[in-house]
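Sequence positions, counted from 1, serve as the residue numbers for this chain. Heavy atoms only: backbone and side chains are in, while hydrogens, waters and symmetry mates are out.
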Amino acid sequence: MTDVTVGDIVVALEAAYPPALAETWDQVGLICGDPDAEVGKVAFALDCTQDVAERAVATGAQMLVVHHPLLLRGVHSVAANTPKGKVIHTLLAGGCALFAAHTNADSARPGVSDKLAELVGITPGRPIKPVLLGAMDHWGVHVPRSAAADLKRALFAAGAGEIGNYRECVFSVEGTGEFTPVEGANPTDGAVGTHFTGDEIRVEFVARAGDRRRIVEKLRAHHPYEEPAFDVVQMEDTQDLNTATGLGRIGELEEPMALRAFTQQVANALPETAWGVRAAGDPDQVVRTVAVSSGAGDSFLADVAKLGVDVYVTSDLRHHPVDEHLRAGGPAVIDTAHWASEFPWTAQAESIVVPLGVDTEILRIRTDPWTISAHPE
């Protein structure tokens with residue numbers, strides 16, 4: 001047994017797949033298990049079905065990492081005689097924790113769609129739907145010269161002035177501050193009814209938009225004036241979309257090919273299922289620019305139609321949305337089995353845990369629910 005804990009595995013996985021990237025409706029992270037429990041082996045799968053839970057315990061894993069959350073929607077019981085409850089009881093009785101990285105793993109770089117993009121033959125570029133966590137504010141704070149150093153220290157502690165690998169970044173400009181306190185004021189400098197003029201410094205810095213409330217609290221607590229003067233402007237996000245996080249990926253094939261041939265290339269690259277791979281569009285259409293979105297992706301049909309791609313690879317496509325999409329002039333679509341488009345991610349997740357020194361195993365149980373595909377003889 002190693003001295004690695006469930007909590008250590010969680011930290012590593014959440015560093016690669018930040019929970020903040022998850023969609024608002026999602027439920028990601030540690031589902032069951034003790035963060036302080038030691039881990040000697042970690043198993044990986046796409047879904048935590050009963051078969052997967054039993055296999056994880058049988059292989060001696062103390063932790064199971066999956067993509068799809070077991071408890072995505074609310075439940076009122078995890079009794080052992082309910083389907084989800086039986087899974088939980090199997091894992092806990094076998095000393096196996098359960099962790100899920102879902103839409104946060106979809107949006108992360110590298111993430112689930114990066115793996116799918118590489119498999120079908122493109123270098124993953126920009127997301128279909130960017131998820132930008134780098135929103136920044138630009139601040140300007142006016143403060144008496146004598147109080148500037150103490151105020152800056154407090155603001156730095158709240159996250160102000162962090163740019164890449166640099167900290168405590170500010171730009172200061174000397175100037176003159178003027179104000180007239182009126183009845184009810186309790187001025188630090190000057191007197192009620194008398195116009196005051198004094199030396200001040202304008203301190204400018206950037207900070208994460210998510211830190212705005214904390215910085216305002218620190219500013220008011222440490223500024224000597226009862227009504228500090230400051231301004232905050234949200235900056236336009238200038239992140240390169242080709243490296244941005246987000247759902248789906250877009251890229252180009254090294255050589256153009258017919259839709260028919262590309263569909264076969266996708267089928268050859270993904271794990272085999274009874275469903276197989278199907279396409280909608282002119283079989284002889286030449287395709288080069290490809291959009292991919294692992295898992296159910298028909299919500300992005302309108303987006304890919306605006307992005308100038310030749311073909312869109314995803315899963316769980318439905319009759320009417322695809323029909324309307326094609327009649328509106330949208331790109332060809334390739335429909336894969338949901339499980340097949342996402343299962344290859346397990347190797348990526350495994351690579352994050354391996355450096356911690358624990359044993360790992362990918363559970364190659366096909367959890368795709370479809371078992372028969374029939375065609376007329």
Side-chain angles (χ1 to χ4, degrees), residues 9-29 42 44 46 65-69 99-136 162-165 208-210 235-254 266 269-270 289-297 299-300 303-304 306-309 311-315 336 338 340-356 360 362:
I9 306 294
V10 170
V11 168
L13 289 167
E14 291 190 341
Y17 308 126
L21 288 175
E23 297 293 290
T24 55
W25 49 263
D26 205 1
Q27 302 294 333
V28 301
V42 180
F44 299 83
L46 191 72
V65 175
V66 296
H67 183 49
H68 293 141
F99 176 91
H102 193 209
T103 53
N104 51 328
D106 290 329
S107 285
R109 297 193 82 112
V112 186
S113 284
D114 293 284
K115 186 66 175 178
L116 176 60
E118 293 164 2
L119 285 173
V120 304
I122 64 171
T123 298
R126 62 153 292 170
I128 296 172
K129 178 189 173 184
V131 177
L132 303 173
L133 293 182
M136 301 290 286
E162 297 182 3
I163 304 175
N165 293 323
R208 291 181 295 272
M235 300 167 62
E236 188 70 26
D237 199 302
T238 57
Q239 184 177 358
D240 181 359
L241 283 180
N242 285 319
T243 59
T245 56
L247 300 173
R249 297 290 183 267
I250 296 174
E252 291 194 350
L253 298 168
E254 288 188 6
V266 171
L270 298 185
T289 305
V290 180
V292 303
S293 179
S294 59
S299 62
F300 293 148
D303 296 284
V304 297
K306 298 174 184 176
L307 293 171
V309 305
V311 61
Y312 175 39
V313 182
T314 189
S315 306
T336 75
H338 192 126
S341 73
E342 295 182 328
F343 178 76
W345 162 82
T346 55
Q348 184 192 96
E350 181 186 41
S351 71
I352 294 165
V353 174
V354 165
L356 297 179
T360 61
I362 295 175

Open item on the list: Using side-chain heavy atoms (C-beta onward) and a distance below 4.5 Å, is Lys129 in contact with Ser293?
Closed with: no
TODO: Look at the rings of His68 and His102 and say which category their plane angle falls in: under 30° parallel, 30 to 60° tilted, over 60° perpendicular.
DONE: perpendicular
Open item on the list: Are the side chains of Lys115 and Pro110 in contact, using a 4.5 Å heavy-atom criterion?
Closed with: no
- [ ] Please round to the nearest 0.5 Å and tell me the distance separating atom OG1 of Thr123 and atom CD of Glu118.
- [x] 8.0 Å
Task: Nearest non-hydrogen partners of Ala340 and Pro344, listed with the distance - done: O-CD, 3.2 Å
Task: Check: Ile128 and Leu247 side chains under 4.5 Å, non-hydrogen atoms - done: no
TODO: Search all heavy atoms of Val65 against all heavy atoms of Trp345 and return the closest pair with its distance.
DONE: CG1-CH2, 4.3 Å
Open item on the list: Once rounded to the nearest 0.5 Å, what's the spacing between atom OG1 of Thr336 and atom CG of Leu270?
Closed with: 6.0 Å
TODO: Taking the side chain as every heavy atom from C-beta outward, state whether Leu253 and Val120 have any pair of such atoms under 4.5 Å apart.
DONE: no
TODO: Quick one: closest heavy-atom pair of Gly29 and Glu14, and the distance?
DONE: CA-OE2, 4.0 Å
Open item on the list: Looking at every heavy atom in both Ala100 and Pro69, which two are closest together, and how far apart are they?
Closed with: CB-CA, 3.8 Å
TODO: Could you tell me the separation between the CD atom of Glu252 and the OG1 atom of Thr289, rounded to the nearest 0.5 Å?
DONE: 4.0 Å
- [ ] Find out whether Arg249 and Arg109 are in side-chain contact, i.e. whether some heavy atom of one side chain is under 4.5 Å from a heavy atom of the other.
- [x] yes
Task: pair Val292-Thr314: side-chain heavy atoms closer than 4.5 Å - done: no
Task: Over all atoms of both residues, closest heavy-atom pair of Pro124 and Asp114 - done: CB-OD1, 3.3 Å
Open item on the list: Main chain of Gly297, side chain of Tyr312: is a donor-acceptor contact present, judged purely on distance under 3.5 Å?
Closed with: yes
Task: His67 side chain reached by Asp106 side chain, heavy atoms, under 4.5 Å - done: yes
TODO: Say whether, by atom type as modelled, one donor and one acceptor occur between the side chain of Thr360 and the main chain of Glu350 under 3.5 angstrom.
DONE: no
Task: Within-4.5 Å side-chain heavy-atom neighbours: Phe99 and Val42 - done: no
- [ ] Look up atom CG in Asp26 and atom OG in Ser107, then write down how far apart they are to the nearest 0.5 Å.
- [x] 9.5 Å
Task: Straight-line distance of Ser113 OG to Leu119 CG, nearest 0.5 Å - done: 11.0 Å
- [ ] Looking only at non-hydrogen atoms, find the nearest pair between Pro127 and Ala244 and report the distance.
- [x] CG-O, 3.3 Å
TODO: Given side-chain contact (heavy atoms from CB on, under 4.5 Å), test Tyr17 with Ile352 step by step and report yes or no.
DONE: CA-CA 10 Å; Tyr17 308 126; Ile352 294 165; 3.3 Å; yes
TODO: Would you check if the side chain of Gln348 reaches a backbone N or O of Gly111 as a donor-acceptor pair within less than 3.5 Å?
DONE: yes
